Amino acid sequence: MKKLYFGTNLKMYKDIKETTSYLRELQNLTKDISRDEIELFVIPSYTSLNSADSCVDRSLIKLGAQNMCWEEEGQYTGEISPKMLKELNLDLVMLGHSERRHIFGETDEMLNKKVKCALDHDFIALLCIGETIENKNYGISDEILRIQLKIGLFGIPQDKLTKIWIAYEPVWAIGVNGIPATAEYAEEKHKVIKECLTELFGEAGKNIPVLYGGSVNPFNAGELIIQPSIDGLFIGRSAWNASAFNELIRNTKKIYLDHH
Ligand code: 13P
């Protein structure tokens, strides 16, 4: 079977104690699932990362940061540098989450610098892209996705491709007010993304995993994962309880296997 990706972004939830107990429980519940079949990752808050690092077996759960500056050091008050994240031995860095783009004004050009910097420091760069409801209503979703990919991944050398993951998260589908994309819609957009990645990087672009995120829940996870262009699920609220996340992973994997 192809490897299925399951990850969660803890956003600005869970303090140190909550994060470590969540991670211990999730690791314990999921440790029997073959990591050749699934890739599991958790992205806690900055302040929890150090403690998270000491309580997780990285061969079972990858750990990532929610953002990163594109410079190693300097006059960037409030930012976190790749060298600081490197000290924590992290596996990945999430870049361009919808909340970073839309609340904090991150642009595709800034994200391109961040992606390059993350790859230079040997992190997996998880680049998040997605159209707003206005983009969708104007019928320009595909163009927006292509722009976000073409600028965000501009100038990335071929030998770094294995370190790139993409999360497609339509802005209108994320969070408490989000409406989940239908599996058909998500598949259509994942196809656009995969085509664009192939255009940018040739055949090797086809191996970049593309995850869907935005109101994934136990009821829609199965139909999303069976779509041919969806390689995994990037989940917020439905993954923040370890036992619910464990069940979602197992049930979804079973649906995938039954379908193949
Ligand atoms: P929800 O699953 O809560 O909609 O959040 C998705 C998300 O933003 C993951 O990064």
Side-chain angles (χ1 to χ4, degrees), residues 4-14 18-19 22-23 26 38-46 48-49 52 61-68 90-106 111 114-115 118 123-133 135-136 144-145 148-149 152 164-183 185-186 189-190 193 209-225 227 230-249 251-252:
L4 304 177
Y5 292 70
F6 293 94
T8 183
N9 164 16
L10 299 185
K11 307 195 181 187
M12 200 172 70
Y13 295 99
K14 294 196 194 292
E18 290 164 340
T19 303
Y22 169 81
L23 283 168
L26 185 65
I38 69 157
E39 185 77 74
L40 179 57
F41 64 96
V42 175
I43 309 186
S45 68
Y46 283 132
S48 305
L49 283 172
I61 301 180
K62 282 191 168 48
L63 282 179
Q66 297 183 10
N67 185 20
M68 186 193 77
L90 296 182
D91 305 289
L92 66 118
V93 179
M94 167 170 64
L95 301 168
H97 186 274
S98 150
E99 289 147 20
R100 297 298 320 165
R101 290 176 185 264
H102 298 286
I103 306 174
F104 299 103
E106 293 192 7
L111 292 167
K114 292 184 181 206
V115 170
F123 292 115
I124 293 165
L126 171 60
L127 177 66
C128 305
I129 60 171
E131 80 281 11
T132 63
I133 192 68
N135 299 152
K136 182 170 182 270
I144 294 292
L145 295 175
Q148 291 176 341
L149 287 172
I164 294 174
W165 297 357
I166 302 294
Y168 168 56
E169 300 200 286
V171 181
W172 46 270
I174 297 175
V176 276
N177 298 317
I179 302 155
T182 61
Y185 185 89
K189 297 306 161 215
H190 276 240
I193 293 166
V210 185
L211 286 59
Y212 171 80
S215 295
V216 173
N217 61 47
F219 308 103
N220 63 11
E223 53 179 349
L224 286 161
I225 207 70
Q227 303 303 317
I230 296 183
D231 302 308
L233 302 173
F234 190 31
I235 312 172
R237 290 155 296 151
S238 295
W240 295 341
N241 171 292
S243 127
F245 192 20
N246 168 54
E247 264 180 49
L248 186 150
I249 293 168
N251 293 339
T252 308

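Both backbone and side-chain heavy atoms feed into the values below; hydrogens, waters and symmetry mates do not. Please read these numbers as outputs of a predicted model, since none were measured by experiment. In each ligand, atom 1 is the first atom listed, and ligand 1 is the first ligand listed.
Taking CD1 of Ile230 as the reference point, atom CG of Leu4 lies at 11.5 Å (rounded to 0.5 Å).
Taking every non-hydrogen atom of Asn9 and a distance limit under 4.0 Å, the qualifying atoms of ligand 1 come out as 10 (O). Those atoms of ligand 1 with a heavy atom of Ser215 less than 4.0 angstrom away are 1 (P), 2 (O), 4 (O). Within ligand 1, counting atoms from 1 as listed, the ones closer than 4.0 Å to a heavy atom of Phe234 are 10 (O).
For ligand 1, none of its N or O atoms has an N or O atom of Trp240 under 3.5 Å away. Between Gly236 and ligand 1, a contact under 3.5 Å exists for at least one N or O pair.
Not one N or O on the side chain of Lys62 forms a donor-acceptor pair closer than 3.5 Å with the backbone of Gly7.
Taking the six-membered ring for Trp and thresholds of 30 and 60 degrees, Phe245 and Phe6 have ring planes more than 60 degrees apart, a perpendicular arrangement.
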Inset, instruction - Dump the intermediate steps for side chain to side chain contact (heavy atoms under 4.5 Å, CB included) on Arg101 and Leu111, then the final yes or no. - result: CA-CA 9 Å; Arg101 290 176 185 264; Leu111 292 167; 3.4 Å; yes
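Two rings, from Trp165 and Phe41, have their centers less than 6.0 Å apart.
Donor-acceptor pairing under 3.5 Å is recorded for the side chains of Asn135 and Thr132.
Evaluated by nearest non-hydrogen atom to atom 4 (O) of ligand 1, the leading choice among Gly175, Gly213, Ala173 is Gly175.
Using a 4.0 Å cutoff on heavy atoms, Gly178 does not count as a contact of ligand 1. Within the 4.0 Å heavy-atom shell around ligand 1 one finds Lys11.
Scanning all protein heavy atoms for the shortest distance to atom 6 (C) of ligand 1 gives Glu169 OE2, 3.6 Å. Counting only heavy atoms of the protein, atom 3 (O) of ligand 1 lies nearest to Arg237 NE, 2.6 Å.
With respect to the salt-bridge test (charged N to carboxylate O, under 4.0 angstrom), the residues Lys189 and Glu131 do not qualify.
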